Amino acid sequence: MTDRRHRDAPGRGPDRTGRITPRTHWLLLSVLAVTLSTALLLQGYTQHMFGITSDAVTGARGRHETVPRQVTHGGPVIADAATSAHTARVEDRTLALTFDDGPDPVWTPRILDALRRNHVHATFFVVGTQVVAHPELVRRIVAEGHQIGIHTFTHPDLARLAPWQRSLELRETQLAVAGAAGVTTALLRPPYSSENDALDDADWSVLKQADTAGYVTALTTQDAEDWQRPGADRIVARATPRGHAGQIVLMHDGGGDRSQTVAALNTLIPRLKTQDFRFATVGASVRMAGPVQRAGLGDHLQGLALIELLRAGDWTVWLLGVLLGVAGAISVLRAAVLVIAARRHRRRRTAGRGRSWGPPVTAPVSVIVPAYNESAGIEAAVRSLLASDHPVEIIVVDDGSTDGTADLVESLHLPGVRVIRQRNAGKPAALNTGLAVASCELVVMVDGDTVFAPDTVRTLVQPFADPGVGAVSGNAKVVNRGGLLGRWQHIEYVVSFNLDRRLFDLAECMPTVPGAVGAFRRRALFALGGVSDVTLAEDTDLTMALCRAGWRVVYEEGAVAWTEAPASLNALWRQRYRWCYGTLQAMWKHRGALVQRGAAGKLGRRGLVYLLLFQVLLPLLAPVVDVFALYGLLFLDPVRIIGLWLAFLLLQLLVGRYAFRLDGERPGPLWSLPLQQFAYRQLMYLVVIQSVFTAVAGSRLRWQRMERYGSLQAAVGAKAPGHDLPPQEPGSAHSAPYGRVPRQAPYGRPPQQAPYDPFHPLAPYDGLPQPPPHNGDRQPPPHNGFR
């Protein structure tokens, strides 16, 4: 966690100097989301709503009062069902071989090879999803003189569908055939149909609707029942006509293993030819004029678009599955690593060295409080610092406040508190001003909306007994925990931020000392040129620079501070956007650590890689989890999807419970963790997406100030760990009820400086001048001397 709240923020929003503005990329993301949703919905409907099972007639036969007698006792080809129904029979000694459920990439080519060897043409009733998957086979069927009919898009029982679904099934299949082979067909065979006398009233309604759409229905007269795989000899026997009457024989080239069908054809065709039977397509066998026609340009183009869209959907689902697996594995790995590291960190701290860094550090400490329009909480912050059980000097640097912050502090007449006024120049400049006038070697930096426990400063500076320690991160906690948003941030601070810090401390690659509670060696900061203002994450930038300079940065969990968190989604968005974008800037600026040795190499190959993996790439994969979960609930096994979600939630709860235990927190707020998955989590990964787009586009993000709510009051007499909240009294002089926004003014523009692009490959590591010697004056040094 980092604090980036103290900067100038003109109301114009992000600087639009890049190629892609934030508004533009949200438009692009919205278009992508709509396109992706459409493709997934269509893919889910076509691939998972129905499916090829078998060609056995499903369910009991219904009433058949509306089926005309001339159809029940007529031929297998039915036309004009919606008006004056009539049928056609196959000519004597003619066999129309028909194949359903294809095309199949394995069996359709083998059946076509068998037909070509025997110089026979057949009719293929194709399934739309298979056409989309294998359009080249449809083209081959047409090119070799065979006839195409449609067998619906997803192979459902049409009688069980609503009329609009029937129309969709027929239209999609027709478009798929038009896109694949450039032809349209008037032949239809409904799935699960058989002979004329098996038609019931529901089936007849399907045929009438199909007739209205321009289709002629082709039923069967003889079923080879090859879908049962009874053996090639049985298939031949069942497909052989009894007598000289013409037949439409039902066989299959898809839907399963059709090796017996291929073997049966090699026997059946030569045998029937010797008995003077001829083979023809369905249309030719009943003398039907041109059932297959060349498709119009519009249908062909629409068909091509449909095929590409569905193929993209199939590829997307496959990719989502892979990414979901990667995201899941990374999440489980992270949880395991965090828990193991936290356990080792706790054992190390309680088993010797962690309890004693060396001789107690008793040297006085300079506490720098950069303040801009902090009148709502500055008194509580300063009084809590004065209540410290460690000697401190307090330096409040008023950065051009317009709400009387400096006047308020001065009016308190508190001993040991110095107020320095400067024109508005930003938080880094205010910190550098405080460093220039500080009289102590050890410096604590604290935000103006943060209060300390009496022992926080003393606990925070004890690691400096080790001469290799250059900075110490304290334990920042959320004070305004009311409502779901407050609880969620409280959970995030305890679980995510603090577990991460324990891991970074153990791995000696701490990337951030938070602005809310951190301590530094003054000479280490002077050696770096002070606090840099070239990124929005001055605390992360400063910490990484210390690591690269060879200093060790540690985490002291017992140094507790309470800080205000955003109380609205809008404020939270602005804060986290700055944090994330500033972290990306700092990572880019210090990317050279990846190839360095020593402490810098640990930061690069451990800290930066961890941040990239878990704070950038994993949030970018988070939308995949949500999209695939919705897809799975709609089209896959919802029980399995819910089970996986519950398993991950249980993992988060267990990790959260352990983190709360380590921090001495009551686990009550964890009840809201399941709800966090439906709002807070999405906000966080959208922040990362926004930040990455802004960085890639080269846009510059300006500072914006977080609203102050006056939730804090001086923690006089407060206990440190157990970590209970500092006492608050409603209506006290300088505290405001939760959610109340104090008056404030926007930051002004800082002094002009040369433009800096932290994402540019030639961005300098640092270029700040050395600070001037402390002159002991209450006024700050010139801005061009130490910034």
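Everything numeric in this text was worked out from a predicted model, so none of it was measured. Below, all heavy atoms of this structure are taken into account, side chains as well, without hydrogens, waters or symmetry copies.
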Just by modelled atom types, is the [Y] backbone N or O under 3.5 Å from a matching donor or acceptor in the [X] side chain?
{"X": "Thr543", "Y": "Val513", "result": "yes"}
{"X": "Ser672", "Y": "Leu675", "result": "no"}
{"X": "Asn480", "Y": "Glu564", "result": "no"}
{"X": "Asn475", "Y": "Gly558", "result": "no"}
{"X": "Ser366", "Y": "Cys440", "result": "yes"}
{"X": "Arg606", "Y": "Cys509", "result": "no"}
{"X": "Thr540", "Y": "Thr512", "result": "no"}
{"X": "Glu393", "Y": "Ser439", "result": "yes"}
{"X": "Asn432", "Y": "Pro428", "result": "yes"}
{"X": "Gln585", "Y": "Leu536", "result": "yes"}

Spatial distance of atom [atom1] ([X]) from atom [atom2] ([Y]) [nearest 0.5 Å]:
{"X": "Arg487", "Y": "Gln676", "atom1": "CZ", "atom2": "CD", "value": "12.5 Å"}
{"X": "Leu503", "Y": "Arg344", "atom1": "CG", "atom2": "CZ", "value": "10.5 Å"}
{"X": "Asp403", "Y": "Ser375", "atom1": "CG", "atom2": "OG", "value": "3.5 Å"}
{"X": "Met445", "Y": "Ile395", "atom1": "CE", "atom2": "CD1", "value": "10.5 Å"}
{"X": "Tyr680", "Y": "Arg576", "atom1": "OH", "atom2": "CZ", "value": "4.0 Å"}
{"X": "His390", "Y": "Phe452", "atom1": "NE2", "atom2": "CZ", "value": "12.5 Å"}

Self-check item: Ion pair check, Asp663 and Arg502, cut-off under 4.0 Å
Solution: yes
Quiz prompt | Salt-bridge present (Asp500, Arg334; N to O < 4.0 Å) | solution =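 Salt bridge: yes.
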For [X] versus [Y], what's the shortest heavy-atom pair and its separation?
{"X": "Asp539", "Y": "Gly515", "result": "OD2-N, 3.4 Å"}
{"X": "Leu603", "Y": "Met510", "result": "CD1-O, 4.3 Å"}
{"X": "Tyr555", "Y": "Gly474", "result": "CE1-O, 3.4 Å"}

Quiz item: Going through the distances and angles, do Phe504 and Leu611 end up as a side-chain contact (heavy atoms from CB on, under 4.5 Å)?
Solution: CA-CA 11 Å; Phe504 292 141; Leu611 292 177; 4.2 Å; yes
Is the closest side-chain heavy-atom distance between [X] and [Y] below 4.5 Å?
{"X": "Leu435", "Y": "Phe520", "result": "no"}
{"X": "Asp407", "Y": "Arg421", "result": "yes"}
{"X": "Arg418", "Y": "Val437", "result": "yes"}
{"X": "Glu556", "Y": "Trp357", "result": "yes"}
{"X": "Tyr372", "Y": "Lys427", "result": "no"}
{"X": "Ser532", "Y": "Lys589", "result": "yes"}
{"X": "Asp505", "Y": "Arg348", "result": "yes"}
{"X": "Thr402", "Y": "Asn373", "result": "yes"}

Quiz item: When Val417 is tested against each of Val396, Val392, Leu385, Val367 for side-chain contact (heavy atoms from CB on, under 4.5 Å), which residue passes?
Solution: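 With Val417 as partner, side-chain contact (heavy atoms from CB on, under 4.5 Å) holds for just one option, Val396.
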Quiz prompt | His490-Phe660 aromatic ring centre distance below 6.0 Å | solution =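 Close enough - the centres of the two rings lie under 6.0 Å apart.
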Quiz item: Taking the six-membered ring for Trp, are Tyr577 and Trp573 parallel (under 30°), tilted (30 to 60°) or perpendicular (over 60°)?
Solution: tilted
